[in-house]
Structure formats: structure tokens, C-alpha cells
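This report refers to the structure that appears directly beneath it.
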Number of protein chains: 2
Amino acid sequence: MGAKIAKPKPGADAYRLDEQVGFVLRQVSQRHTAIFAERIGCDLTAMQWAVLAKLREIGATSQNQLGRATAMDVATVKGVVDRLRGRGLVDIDSDPDDARRRVVALTDEGMGLVDAHAAAALAISDETLAPLTAAERKTFLALLLKLR
Amino acid sequence: MGAKIAKPKPGADAYRLDEQVGFVLRQVSQRHTAIFAERIGCDLTAMQWAVLAKLREIGATSQNQLGRATAMDVATVKGVVDRLRGRGLVDIDSDPDDARRRVVALTDEGMGLVDAHAAAALAISDETLAPLTAAERKTFLALLLKLR
DNA sequence: GCCGGACCATTTGTACACTAACGATCTTGC
DNA sequence: GCAAGATCGTTAGTGTACAAATGGTCCGGC
């Protein structure tokens, strides 16, 4: 019995890295990052753009709130905000009502930059989804949102 | 004309960060990373696991090939391999046929660890996709692969 | 046999991403 | 009022990621 067919190990041989969600997810993220870097046109990373875009949406906020709104760790947000501040795209002020808080706000230059590149940002999302049809994109996004 | 309806800016106001693929993609990746860390059970990162699992699949290879097989930069693969080597899970030898190459191979311990945790790795993929039905998972994975 | 171009590995520098620990500050319960 | 606990920001440490520069090694053509 079972002379010719090798017994498959329960696990090791059934596991193919290339079929695992996490692995493919990372590859798709990498592709998106590459598209972003090539297309954004103002030497910003996706994270930096996320912070600027969020500030444009919701206005000035504390670093903590900003971190939650952009799904970033507080420690991470600090680095990103520091770099944006170094480029004069955001300002940091103390909150008169709460001495713990450091309120981050877009500068005029930052505001202008967001508006100037919003179309490029949309094009990036579009190119990332380019391999899919319109119907597939809708399906994909809906499912992706469920996995958040 | 257009007295009551404000003219939407072409870009800025139409752009909602939370609906952009790249942003959601990152959130899903974060969730997967958290699930991975909690479930893998042997203090490995997803990258480190990817290298070990790939070596189990294809056998000993050069760092360069390993990088391509795991979708990692050469510089990144070096760091990952160094850490795995520090834990005794892989060995690095010179290729007798090509002095440029540094051949990475699983140690017995590394091989044992992969086999011991393959089931957990599958469970991680499963939990990541848990919010979806079986049919949705199939659809999602098929679409995700197209975006690679 | 050697020489230019391809390939491989390493190093350096920048930018995330998360954890843990810390001090400062606010708020609530009492 | 004030102590306990929650919140906010910062720092330090580890682990990806990618680009660019460097240097060693192989191979094909001559």
C-alpha cells in the first residue's frame, strides 16, 4: 500500500508560500509603493502623503488623533510629521487647552501641495487597480475593506 | 447657474484617503502582521518565515535567488538571513562552483521548525481571511494575484 | 589569455512600523 | 483638594524595505 505515492507531510508540503494571502498582500503593496514613488511627482512617501491628505480632510489635530486617522503608530507618526515639518509642509503648535497636545496643521505650502497632487494620487490608485476590470475593482475593494 | 451647489475642486475634495487601495492595503497588511505575530508561536517575523518556508520548498539557494523567490530586496534578504543564521536556523556556505555565491541552506533545526509550524502558518492565512465567506476568499485571492 | 559586461554580495543611508518604557499632564472619584 | 488612572508625546531598540555605490567574480568574444 502506498508504494508509489509518497505520503504528503501534514503541513510542510501542503504549504506553498506564493499562495498565502500575507505574502501576496506584501507583493501588491510593494507594487503600489513603486507606482506611488514614480507617479506622485513631489518626492513624498505614501505615509507622508497620507498624513497631508488626512490633514486636508479633517483639519489640524493632535499627533495622536492623526495617528489613528492614518492607521499609524504614535511613534511612526512622529517621524513622518518631523520630516514634513522639516520641509515646511506642516506646523506644530501647542494646544492652549491641553499642554500635553502638539497640534499638527498644514501650512499654506502644504495645503497647496495636497491640492496640486490630488489628481496624481487618484491616478496612482487607478494604476494600482489597472489589471482589473471596473466590476472586479468594485468587488476587490469591497472585499479588501472587510479584511481591514 | 450653480448657485446652490458648490463646485467640487478637481481633486482635493474628491479624494478620501480611506477609500484608496494603497491605504486599505496597508491596513490589511498590518492586521495580517498582528495575526502572524500572535499565532506563529516561534518568535519569527513574516519575512523570516517566508525565507524558511521558501528554502523548505526549493532547497538551498544563493541569497540572490532567495530574494527573488521571496520578493525581497537583496539588501533586505541579507539582514533576514543574518538573523536566521544567528539563531542557527540556516547555514551559509560558499558555492564551490561560483565564488561569488553564498549558498543559504536550512539546518536540521530550521527544517524541523518549518515542519513544526506549517500548520500554524496555514491557520494564519485562514484567520486573515476569516471575515470572508469561502466563495469570497476564492474571489479575493484570484483578484489579489492579478494585482501582483 | 584577457577584457568588457553581466552577475553576486555587502555596505551605507533614508524611511517606515511596532513594542516597551518613560515623564508630563489631564480627569475622575472620592 | 488630591490621589489614581488614563492620555499624550518622546525615546530607544529591532526589523523590514529600497536605492546607490563598491568590489569581487564569472563568462563570452576576440
Side-chain angles (χ1 to χ4, degrees), chain A residues 22-23 25-38 40 43-52 60-87 89-90 92-104, chain B residues 22-23 25-38 40 43-52 60-87 89-90 92-104:
Chain A
F23 185 68
L25 222 37
R26 188 165 63 82
Q27 291 184 73
V28 176
S29 289
Q30 282 177 0
R31 177 164 158 271
H32 175 262
T33 302
I35 292 171
F36 192 97
E38 189 190 352
I40 191 66
D43 197 36
L44 286 175
T45 66
M47 296 298 118
Q48 291 168 2
W49 172 258
V51 164
L52 295 179
T61 41
S62 71
Q63 285 187 192
N64 218 298
Q65 276 182 299
L66 195 54
R68 277 193 293 272
T70 54
M72 277 184 233
D73 193 84
V74 269
T76 302
V77 111
K78 180 180 174 7
V80 174
V81 165
D82 281 352
R83 284 182 278 275
L84 292 174
R85 192 173 169 224
R87 289 179 58 171
L89 300 174
V90 302
I92 301 180
D93 293 304
S94 313
D95 185 336
D97 297 333
D98 188 337
R100 293 170 305 177
R101 293 196 171 188
R102 314 265 293 137
V103 177
V104 184
Chain B
F23 185 68
L25 223 36
R26 188 166 63 79
Q27 290 183 309
V28 176
S29 290
Q30 282 176 1
R31 179 165 157 271
H32 174 261
T33 301
I35 293 172
F36 192 96
E38 190 191 350
I40 191 64
D43 197 36
L44 285 175
T45 66
M47 297 297 119
Q48 292 168 0
W49 172 258
V51 164
L52 295 180
T61 40
S62 73
Q63 285 187 190
N64 218 299
Q65 277 181 298
L66 195 54
R68 277 194 293 274
T70 54
M72 278 184 230
D73 193 83
V74 270
T76 303
V77 111
K78 181 182 174 4
V80 174
V81 166
D82 281 352
R83 279 169 221 117
L84 291 174
R85 193 174 168 223
R87 289 179 58 172
L89 301 174
V90 302
I92 301 178
D93 292 304
S94 312
D95 185 336
D97 297 334
D98 189 337
R100 293 171 306 178
R101 295 195 169 191
R102 314 263 293 138
V103 177
V104 184

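To find a chain, count down the sequence lines: A is the first, B the second, and so on, and within it residues start at 1.
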To the nearest Å, give me how far apart CD (Gln48(B)) and P (dA17(D)) are. 11 Å
Show me, pair by pair, the donor-acceptor contacts under 3.5 angstrom made by side chains of residues 78-87 of chain A, not counting sequence neighbours?
unit_1: Lys78(A); atom_1: NZ; unit_2: Asp82(A); atom_2: OD2; d: 2.7
unit_1: Arg87(A); atom_1: NH1; unit_2: Asp43(A); atom_2: O; d: 2.7
unit_1: Arg87(A); atom_1: NH2; unit_2: Cys42(A); atom_2: O; d: 3.1

May I have the distance from Asp43(A) (atom CG) to dC18(D) (atom C1'), rounded to whole angstrom? 14 Å
Pairs touching residues 25-35 of chain A that satisfy side-chain hydrogen bond (donor to acceptor under 3.5 Å, both in side chains), sequence neighbours left out: none
Residue pair Arg102(A), Ser62(A): steps toward the side-chain contact (heavy atoms from CB on, under 4.5 Å) verdict: CA-CA 5 Å; Arg102(A) 314 265 293 137; Ser62(A) 71; over 6 Å; no
Between the protein and nucleotides 19-29 of chain D, which nitrogen or oxygen pairs are less than 3.5 angstrom apart?
unit_1: dC26(D); atom_1: OP1; unit_2: Ala99(B); atom_2: N; d: 2.6

Show me, pair by pair, the donor-acceptor contacts under 3.5 angstrom made by side chains of residues 70-77 of chain B, not counting sequence neighbours?
unit_1: Thr70(B); atom_1: OG1; unit_2: Leu66(B); atom_2: O; d: 2.7
unit_1: Asp73(B); atom_1: OD2; unit_2: Ala75(B); atom_2: N; d: 2.9

Looking for any heavy atom pair under 4.0 Å, which part of the strands does Ser62(A) touch: base, sugar-phosphate only, or nothing? sugar-phosphate
What is the distance, to the nearest angstrom, from the CD atom on Gln65(A) to the P atom on dG9(D)? 9 Å
Bounded by its outermost nucleotides with an atom under 4.0 Å from a heavy atom of chain A, the footprint on DNA chain C reads dA15(C) to dC26(C)
May I ask you to verify if any side-chain N or O of Asn64(A) is less than 4.0 angstrom from the OP1 or OP2 atom of dT7(D)? no
With heavy atoms under 4.0 Å as the rule, sort Thr76(B) into base, sugar-phosphate or nothing. base
Partner residues of Val28(B) under the side chain to side chain contact (heavy atoms under 4.5 Å, CB included) criterion, sequence neighbours left out: Leu25(A), Leu144(A), Leu147(A), Val24(B)
Please give, in whole Å, the distance from dT7(D) C1' to Gln63(A) CD? 14 Å
By side chain to side chain contact (heavy atoms under 4.5 Å, CB included) - contacts of Ala60(A) (at least two apart): Val103(A), Ala105(A)
What is the distance, rounded to the nearest whole Å, between atom CG of Leu66(A) and atom P of dC8(D)? 13 Å
Contact between Leu89(B) and Leu52(B) at the side-chain level, heavy atoms closer than 4.5 Å - yes or no? yes
In numerical order, the residues of residues 80-87 of chain B whose heavy atoms come under 4.0 Å of DNA chain D are Val80(B), Arg83(B)
Residues forming a side chain to side chain contact (heavy atoms under 4.5 Å, CB included) with Thr45(A), sequence neighbours excluded: Met47(A), Gln48(A)
With sequence neighbours left out, write down each residue that passes side chain to side chain donor-acceptor pair (under 3.5 Å) with Asp93(A), or none if nothing qualifies. none
With Arg100(A), which residues qualify under salt bridge (Lys or Arg N to Asp or Glu O under 4.0 Å), at least two apart? Asp98(A)
Can you name the residues that form a side chain to side chain donor-acceptor pair (under 3.5 Å) with Asp95(A), not counting sequence neighbours? none
